[in-house]
Amino acid sequence: VQLVESGGGLVQAGGSVRLSCAASGRTFVTFAMGWFRQAPGKEREFVAVIRSGGSTYYADSVKGRFTVSRDNAKNTVYLQMNSLKPEDTAVYYCAADQPPYGLGRGDMDYWGKGTQVTVSS
């Protein structure tokens, strides 16, 4: 499975960005798809995940501002990020998780290379 993120860039605080992650492979529908982020000098942290049945989970820091969704016909998962804050600045990584599902970095089976999101104050 190959994952390719897109949509990152520079945005002002309070703005919005939508990230996309295109996945290869025929088993996309069975994967849980997650988003993680890593800021300079910090560990990679969980942001959001959407499971094959559509259940979603979010980190407390992004709840109410970010929305994860998926389009199984396009093998693509999205992360809509609204009301962005400077502390959201990070490299955002897409990840795929085969069953049994988890929410940690160690549970993910495949990773993209990441896309930079920079939020200016």
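Under the ring-ring contact (aromatic ring centres under 6.0 Å, His included) criterion, no residue pair touches residues 67-94, with sequence neighbours excluded.
Closest heavy-atom contact between S120 and L10: CB-CD1, 4.3 Å. Nearest heavy atoms, P86 versus A13: CD-CB, 4.1 Å. The minimum heavy-atom distance linking Q116 with A90 is given by the pair NE2-O, 3.4 Å. Contact detail for F36 and L103: the closest heavy-atom pair is CZ-O, 3.8 Å. For S16 against N82, the heavy-atom pair with the smallest separation is OG-OD1, 2.9 Å. Considering every non-hydrogen atom in both A23 and L3, the closest pair reads CB-CD2, 3.5 Å.
Remark: the backbone N or O of C94 is paired with a side-chain donor or acceptor of E5 at under 3.5 angstrom. D97 places a side-chain N or O within donor-acceptor distance of the main-chain N or O of G102, the cut-off being under 3.5 Å.
F31 does not carry R70 over the face of its six-membered ring by the limits of under 6.0 Å from the centre and within 45° of the normal.
In this structure, K85 does not pair ionically with D88, as no charged nitrogen and carboxylate oxygen lie closer than 4.0 Å. Electrostatic pairing of R37 and E45 counts as a salt bridge here, judged by a charged N lying under 4.0 Å from a carboxylate O.
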_Full working for side chain to side chain contact (heavy atoms under 4.5 Å, CB included) between M81 and L19_ = CA-CA 8 Å; M81 304 189 293; L19 305 182; 3.8 Å; yes
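Other residues, nucleotides and ligands contribute only 12 or fewer heavy atoms inside 6.0 Å of the CD atom of Q2.
Criterion: ILVMFWY side-chain heavy atoms under 4.5 Å apart, direct or through other members. Under it, V17 and V119 are part of a common hydrophobic cluster. Under a hydrophobic clustering in which Ile, Leu, Val, Met, Phe, Trp and Tyr are joined whenever their side-chain heavy atoms come within less than 4.5 Å, directly or via other members, M108 and V1 fall into different clusters. Two different hydrophobic clusters hold Y57 and V62 under the rule that ILVMFWY side chains link at heavy-atom gaps under 4.5 Å. Cluster annotation: V11 and V91 are assigned to distinct hydrophobic clusters (Ile/Leu/Val/Met/Phe/Trp/Tyr, side-chain heavy-atom contacts under 4.5 Å, transitive). Residues W111 and L79 do not share a hydrophobic cluster, defined by chaining ILVMFWY side chains whose heavy atoms lie under 4.5 Å apart.
Interatomic distance, OG1 of T67 versus CZ of R18, reported as 11.5 Å (0.5 Å rounding). In this structure, CD on E87 lies 10.0 Å from OG on S121, to the nearest 0.5 angstrom.
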Let me have the donor-acceptor pairs involving side chains of residues 47-55, under 3.5 Å, with sequence neighbours excluded, atom names and distances please.
{"residue": "S52", "atom": "OG", "partner": "Y101", "partner atom": "OH", "Å": "3.2"}

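For the pair Y58 and R65, the minimum side-chain heavy-atom distance is 4.5 Å or more.
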